[in-house]
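Heads up: the structure comes next, in structure tokens.
Just so we're on the same page: letters track the sequence lines, and every chain starts at 1.
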Amino acid sequence: MPTRRTKLPHSFYNRPTLQVAEQLLGKVLVHRTPSGIASGMIVEAEAYIGEDDPACHAAPGPTRRNVPLYGPPGIAYVYLNYGIHYLVNAVTEADGHPAAVLIRALAPVGGVVLMHARRGAHVAGRDLCRGPGNLTKALGIALSENQLDLVSSRLTIEDCGCRVPGVSWGPRIGIRVGVEHPWRCWMTGHPSVSGRVIK
DNA sequence: AGCAAGATTAGC
DNA sequence: CTAATCTTGCTA
């Protein structure tokens with residue numbers, strides 16, 4: 001019998017963001033579209049916490065773009081980065097407290113054929129959802145998925161009962177401010193973790 | 001109104 | 001190393 005998958009409840013996200021980030025590792029991000037269902041296990045995530053975190057989108061205060069961060073936990077925050085890539089976050093902590101976990105990499109679980117169709121047939125399996133912009137493309141996540149409820153919408157995060165063998169922590173990558181916080185976590189040694197070095 | 005920078009990626 | 005491409009927030 002396959003392990004029963006259960007959607008993570010809102011209470012899962014209504015906790016300190018670092019704790020949510022670590023516990024999201026091993027969980028499965030699922031997107032159901034008319035084209036089919038695609039899913040992947042989260043292997044890398046970063047925490048962005050409050051207006052005092054210079055790298056958090058909430059740093060300038062509330063704006064039209066970052067309003068989801070100020071809303072209730074368990075909601076998706078999707079935005080366009082560099083004008084090209086969509087990045088997906090899970091909003092955390094109590095309503096009114098802006099914080100979120102950025103999903104940076106997945107290990108493909110289901111819908112691999114669909115992922116190849118979206119990303120290109122030449123892409124290696126371990127690279128299909130490697131990197132925050134790549135995984136949204138593979139799962140078909142765009143601005144239309146912004147503010148979806150991760151508990152009850154077509155975009156969900158589920159617990160498959162997977163055990164995480166090891167977790168590593170380090171500085172967040174791809175940012176120029178806030179690098180002093182070791183708020184990036186990943187499954188130690190997993191091949192789908194984005195290991196890009198930023199100068 | 002104009003401009004620089006940004007939680008990235010692919011290609012040369 | 002650099003282009004691609006668009007929203008935000010600051011300056012004028």
Checklist line | Separation of the C1' atoms in dA10(B) and dT7(C), to the nearest angstrom | finding: 22 Å

Item checked: Separation of dA10(B) P from L128(A) CG (nearest whole Å) -> 11 Å

Notebook entry, point to check: Under the salt bridge (Lys or Arg N to Asp or Glu O under 4.0 Å) rule, what pairs show up with a residue in residues 133-145 of chain A, not counting sequence neighbours?
Noted result: E145(A)-R154(A)

Note to self: List the residues meeting side-chain hydrogen bond (donor to acceptor under 3.5 Å, both in side chains) with H10(A), not counting sequence neighbours, and say none if there are none.
What the structure shows: D149(A)

Notebook entry, point to check: For dT8(B), does either OP1 or OP2 sit under 4.0 Å from a side-chain N or O belonging to R130(A)?
Noted result: no

Checklist line | Stretch residues 75-83 of chain A: residues that reach within less than 4.0 Å of DNA chain C through a heavy atom | finding: L80(A), Y82(A), G83(A)

Item checked: R184(A) CZ - dT8(B) C1' separation (whole Å) -> 14 Å

Next item on the list: Look at the side chain of I84(A) and decide which nucleotide, out of dA10(B), dA7(B), dT5(C), has an atom nearest to it.
Entry: dT5(C)

Margin query: Under the rule for salt bridge (Lys or Arg N to Asp or Glu O under 4.0 Å), what residues qualify as partners of D53(A), not counting sequence neighbours?
Written below: R172(A)

Note to self: Could you work out, with salt bridge (Lys or Arg N to Asp or Glu O under 4.0 Å) as the rule, every residue matching R65(A), not counting sequence neighbours?
What the structure shows: none

When the side chains of residues 91-100 of chain A are checked against the rest of the protein, which donor-acceptor pairs come out under 3.5 Å, sequence neighbours left out?
residue: T92(A); atom: OG1; partner: T17(A); partner atom: OG1; Å: 2.7
residue: T92(A); atom: OG1; partner: A99(A); partner atom: O; Å: 3.4
residue: E93(A); atom: OE1; partner: H97(A); partner atom: ND1; Å: 2.8
residue: E93(A); atom: OE2; partner: T17(A); partner atom: N; Å: 2.9
residue: E93(A); atom: OE2; partner: T17(A); partner atom: OG1; Å: 2.6

Notebook entry, point to check: Are any of the side-chain heavy atoms of I157(A) and V28(A) separated by less than 4.5 Å?
Noted result: no

Notebook entry, point to check: Taking all non-hydrogen atoms of both residues, which atom of E51(A) and which atom of P62(A) are closest, and how far apart?
Noted result: OE2-CD, 3.9 Å

Next item on the list: Measure the distance from CD1 on I173(A) to C1' on dA7(B) and round it to the nearest whole Å.
Entry: 9 Å

Next item on the list: Measure from OH on Y86(A) to C1' on dG6(B) and round the result to the nearest Å.
Entry: 16 Å

Margin query: Test: salt bridge (Lys or Arg N to Asp or Glu O under 4.0 Å). Region: residues 34-50 of chain A. Which pairs qualify, not counting sequence neighbours?
Written below: E44(A)-R104(A), E44(A)-R184(A), E46(A)-R104(A)

Check: Tell me, what's DNA chain B's dot-bracket, Watson-Crick or G-U with both distances under 3.5 Å, | for other-strand, [ ] crossing?
Finding: ||||||.||||.

Notebook entry, point to check: Atom CD1 of I175(A) and atom C1' of dA7(B): how far apart are they, to the nearest Å?
Noted result: 7 Å

Next item on the list: Quick one: list whatever passes side-chain hydrogen bond (donor to acceptor under 3.5 Å, both in side chains) with H57(A), sequence neighbours left out.
Entry: Y77(A)

Note to self: Rounded to whole Å, how long is the line connecting atom CG of D127(A) with atom P of dT8(B)?
What the structure shows: 17 Å

Next item on the list: For R15(A), check salt bridge (Lys or Arg N to Asp or Glu O under 4.0 Å) against everything at least two apart and list the hits.
Entry: none

Notebook entry, point to check: Quick one: L135(A) CG to dT8(B) P, roughly how many Å, whole number?
Noted result: 12 Å

Next item on the list: Take the protein atom CZ of R176(A) and the nucleotide atom P of dA5(B), then report the distance between them rounded to whole Å.
Entry: 9 Å

Next item on the list: Could you identify which residues of residues 43-69 of chain A place a heavy atom less than 4.0 Å from some atom of DNA chain C, listed by residue number, or say none?
Entry: P60(A), T63(A), R65(A)

Check: Under the ring pair (Phe, Tyr, Trp, His ring centres under 6.0 Å) test, which residues partner W186(A), sequence neighbours left out?
Finding: none

